[in-house]
Amino acid sequence: MENKKRKGDVLFSKYNRGEGIKKALSITREDILFELRDSKLKGRGGAGFPTATKWTIVAAAIADQKYVICNADEGEPGTFKDRVLLLEYPELVFEGMVIAGYTIGATKGIVYLRGEYEYMLNSLEDYLDSMRRDNLLGKNILGNSKFDFDIMIRLGSGAYVCGEETALIESLEGNRGEARNRPPYPVNTGYFGMPTVVNNVETLASIPHIITKGGEWYRKHGTDKSSGSKLFSVSGDCLRPGVYELPWGTTISELLKIVGAKDTKAVQVGGASGICIPKSQFDRSLAYEDVATGGSIMIFNENRNMLHVLKNFMEFFVEESCGQCTPCRIGNVKLLEGVEMIEKGEYKFSYINQLKGLGKTMQVASKCGLGQSSPNAFISILENFKEEIFNGNGGGNGK
Amino acid sequence: MESKGDFRAPVSQTPHTIEKPKDTSTIGGMISVEINEKKISVPLGTTILEACKMAGITIPTLCHHEDLCVAGVCRICVVEVQGMRTLQASCAFPITSPIKIRTSTPMVRKARKHVLELLLSEHYGECYACFRNGKCELQFLAKEYGIDQYTFGHVTEPQFEIDNSSYSVIREMSKCVLCKRCVRTCIDLQEVGVLEAIDRGDKTHIGTFLEKPLADVICINCGQCINRCPTAALRANDPSDEIWAAIDDPKKHVVIQTAPSPRAAIGEEFGLGAGHSMTRELNTALRRIGFDKVFDTNFTADLTIIEEGTELIQRLYKALVKKEQVALPQFTSCSPGWVKFIEHYYPEYLDNLSSAKSPQQMFGALIKTFYAAKAGIDPADIVSVAVMPCSAKKFECNRPEMNDSGYKDVDFGLTTRELARMIKEAGINLPEMPKSNFDSPFGEASGAGLIFGATGGVMEAAIRSVVEFVLGKKAEDIFEKANIIPLRGFDGIKYMEIPIGDMVGPVPKLLQSLVPNWDWLKGATLKVAVAHGTANAKKIMDDIKAGGKFSECHFIEFMACPGGCIGGGGQPIPTTPEIRRLRAQAIYSEDESLELRKSHENPHVVKIYQEFLTEGPCSHLSHKLLHTHYVKRGRYIA
């Protein structure tokens, strides 16, 4: 799919290796934080937390050790954009980490690489070695006697929940991958209790561009509340699936046109944990202020059975819940059972409504983002496709 | 990257809490919060749960436990915090800025009810057929929230087989609600780590290494997990049916010994607050339900002091005078959880463990020899029961080496909880019982034996005797009222030095065959330490391994359970620091009310060395009956 790639003019704009680090080391930490704040960059993992704020808190923290962690546990169903960045633009990601280390005062960076991406481990290690040879990594980077920084790569073991930053940290510490209680947040109490910046691959890859070209340049792209561009991983019923860099604010129908999708019935934005957008809402735009997303776009045409789509998502969550908190561990099982009841036509509307209520509890009472977002598909698909599901090919008519 | 030390079990989840300031009068030390429109001021880092308690509001909890680190997994304690999109687990939320909290909104009530209904949907069994009926935290919450139907269904088949492989702890995981209290107890509180969550999603369950039966893993049988389990997923292996059968068999002579800690706690099972000692009421109740003789374990606790104290003197004499290689410091051996812990974790230090049996096992050996002969009863017809605060005692009495009388020395170990149920089953209300005394020939025991129940008690009892033996002075002249305060209380590790000085006394008759005089102890300083909870034991052991301060000790008391026996795994549920404090208080005040407070002054102990163990402590016969050996188990299981 990588060959079907549309290069935008922000993340994929021209960049010379080492340029970002060189520029960063020539200015102060405060200047870097200023540019970052000016850029209005928000986290690209999906939650959209302002990156400058995160870095500022860690930079201000007093600690013996601080860490930069790159979240490369790209596990959301339907996303594959980090893979492209890591394979083809490792300089952007790693230099972003070095700049983060310089800004917050960390000497260690860790890439938490998705277990399924083990095949790229050797090439990434080779790339890090080449950076070390060029003094872009290691001791006294680019002759700066006050700055040491090195990066190690650690492999995940396949748990979806480890993409959640606190579960990722637990996993890195050698524990079971389970989300921590928040607060305190990783910026205060992160890896081994130390202040830690955890950023998505795409967020880090944006940093060298912002440092070299300026926050103002970055802010010119996208919308007022969503600056810059976004990588979308497009899959499903379309002619040209692949990774696309598009400015924030692109509408869903524009995107569908670009990728060559026809007879589209629904678009699942944000992967299994995202929401399902029906045709009537295709004029909505992809941006933090409207349909926020980590970049997964799944396209379903008229031939798809939305109940089967939903069942697939629910099966995913039943298996991928880490199992620690009650709403997520058991709630997802109950939602899946509900879908199966509808499938067989053996359901009562009153019970389905109770399950929707349960879904709302899961959204507010689960411990981490996994449980909080797992009912999204259940709620949005049953709501937006109720005619198809309850009267059409989704099963019987209930009792 | 960072090493986690030698072989610490993986932490269940590092407690990420905000430290409370030592001085709250500094700026920012106190935070004002609004709870249900009521304003209060709390120290920085206080959890919402604690703040609500201060404000007089009860928040339901399930995974939270005072003894354990925060988990925040059951989600029953959620509350609304203004400005936050999601509900917050009050047990896990440290207050660091002024916030507005609402504890009873429609969203909160709905969420709590949903959590309960979800838990009940997967909780196997019915309440009326459950040993925790009436004492189950899940049942209590279901009642409180008016759950009158299984909205999301209810499992009809057990999902797991019951693991009853262990003599001590039975696991019925179909009743588990995954609060992980047992995991946190085993890993963090005890640092044993045989229980951990396995698999994920809907398949998540608590299991052992490679799902082996509990008897085959390195469980120390302490039963602390049972004390903290909110449901009936964990329970002790209950021998009461067999005990009833023995009582009902006219050919059997059924005797029972009662340890001090169950007596200080059993009242809780009958609705009394913690800290009511029921010793003499219990004697009457036990006779009424059919035990033929009731003996006091404190008697053999006194005997333990003599045997273990003599052993210590022997070791010191060999090391200091004969310059022989002797394992020092000597470790106490009366806690069977600790014994199994050291057998698994530090087998290279088994020589340091006193060879003296625990009071329970000493008594067992004496009952089927000395007592049987004296009473003219065939030991084969004696059924010997021990009421203990402990689940590990069940394992201990089943150790193959514990049959020195020629029979199984103690037939059954019974916990406080199980005995309370037997008494209730017999229709007896314990607090209403008239008081009565123990049976002879063991009858009376000293307060020194009594305080074995609390952490530091064995050491205090030993010191009371040792100072009198060596210095020839009354313990009361050295320690006010013979209370040795530095050894009391609940600090995880306690340390004390006792200078011997230049004035030593004559060697008492009992020890004259072992040492000629005390001159060799002149100017020496006796160094002792106490640890309770195996996590603390581990700290001392690692220090000894590293040649630290504790390697210079002479005698160290180890108890597997937090608080010592009063916090044992067979004690009434619940357990909290406050409950343990009150139980200990009951024991110490009973000790202070007694005339006889030193083991070596117990006339029955003196008599047994005159009549039966005539060669004295640590002699051939006492070694045969009152001492034992240990097994190098190691941490790796075949």
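In what follows, chains are A, B, ... by sequence order, proteins preceding strands, each numbered from 1.
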Go through Phe152(B) and Leu358(A) one step at a time and tell me if the side-chain contact (heavy atoms from CB on, under 4.5 Å) criterion holds. CA-CA 10 Å; Phe152(B) 300 113; Leu358(A) 174 66; 4.0 Å; yes
Region of Ile198(B) in contact with chain A, defined by heavy-atom distances below 4.5 Å: backbone
Chain A contact via Val108(B) - which portion, at a heavy-atom distance below 4.5 Å: neither
With a 4.5 Å limit on heavy-atom distance, are the side chains of Arg200(B) and Ser321(A) in contact? no
Please rank Glu319(A), Glu337(A), Arg182(A), Met362(A) by heavy-atom pairs under 4.5 Å with chain B and give me the top one. Glu319(A)
Check each atom of Phe317(A) against the heavy atoms of chain B and say whether the ones under 4.5 Å are side chain, backbone, both or neither. neither
Can you confirm whether Tyr150(B) is buried at OH, in the sense that more than 12 heavy atoms of other residues, nucleotides or ligands lie under 6.0 Å from that atom? yes
In Å and rounded to the nearest 0.5 Å, what is the CD1 to NE2 distance from Ile330(A) to His123(B)? 11.0 Å
Interface check, chain A: of Leu178(B), Leu118(B), Thr204(B), most non-hydrogen pairs under 4.5 Å belong to Leu118(B)
Salt-bridge contact Lys180(B)-Glu178(A) (side-chain N to carboxylate O under 4.0 Å): yes
I need the Asp202(B) CG to Cys328(A) SG distance, nearest 0.5 Å. 10.5 Å
Counting distance only, does the side-chain N/O of Arg176(A) pair as donor-acceptor with the main-chain N or O of Glu196(B) below 3.5 Å? no
When you measure from the side chain of Thr326(A) to the backbone of Val115(B), do you find a donor-acceptor pair of N or O atoms at a distance under 3.5 Å? no
Quick check on Gln372(A) against chain B: is it the side chain, the backbone, both or neither that has a heavy atom closer than 4.5 Å? side chain
Below 4.5 Å, heavy-atom pairs only: which of Arg112(B), His205(B), Arg75(B), Lys110(B) has the largest tally toward chain A? Arg75(B)
Point-to-point distance, once rounded to the nearest 0.5 Å, from OG1 of Thr361(A) to CE of Met107(B): 8.5 Å
Do Gln363(A) and Arg85(B) meet the criterion of a side-chain donor-acceptor pair at a distance under 3.5 Å? no
Name the option with the most non-hydrogen atom pairs under 4.5 Å to chain A; the candidates are Leu62(B), Leu119(B), Val78(B). Leu119(B)
Would you call His114(B) and Gln354(A) a side-chain contact if the rule is heavy atoms closer than 4.5 Å? no
Ile76(B) CD1 to Cys325(A) SG distance, which is reported to the nearest 0.5 Å: 12.5 Å
Atom pair SG (Cys74(B)) and NZ (Lys367(A)), whose distance is rounded to the nearest 0.5 Å: 10.5 Å
Proximal component of Gln88(B), with respect to chain A [non-hydrogen, under 4.5 Å]: side chain
For Val318(A), is it the side chain, the backbone, both, or neither that has a heavy atom closer than 4.5 Å to a heavy atom of chain B? both
Taking Ala71(B)'s backbone N and O only, do any of them form a donor-acceptor pair with Asn181(A)'s side chain (distance below 3.5 Å, no angle check)? yes
Please classify the contact between Phe316(A) and chain B as side chain, backbone, both or neither, with a heavy-atom cut-off of under 4.5 Å. neither
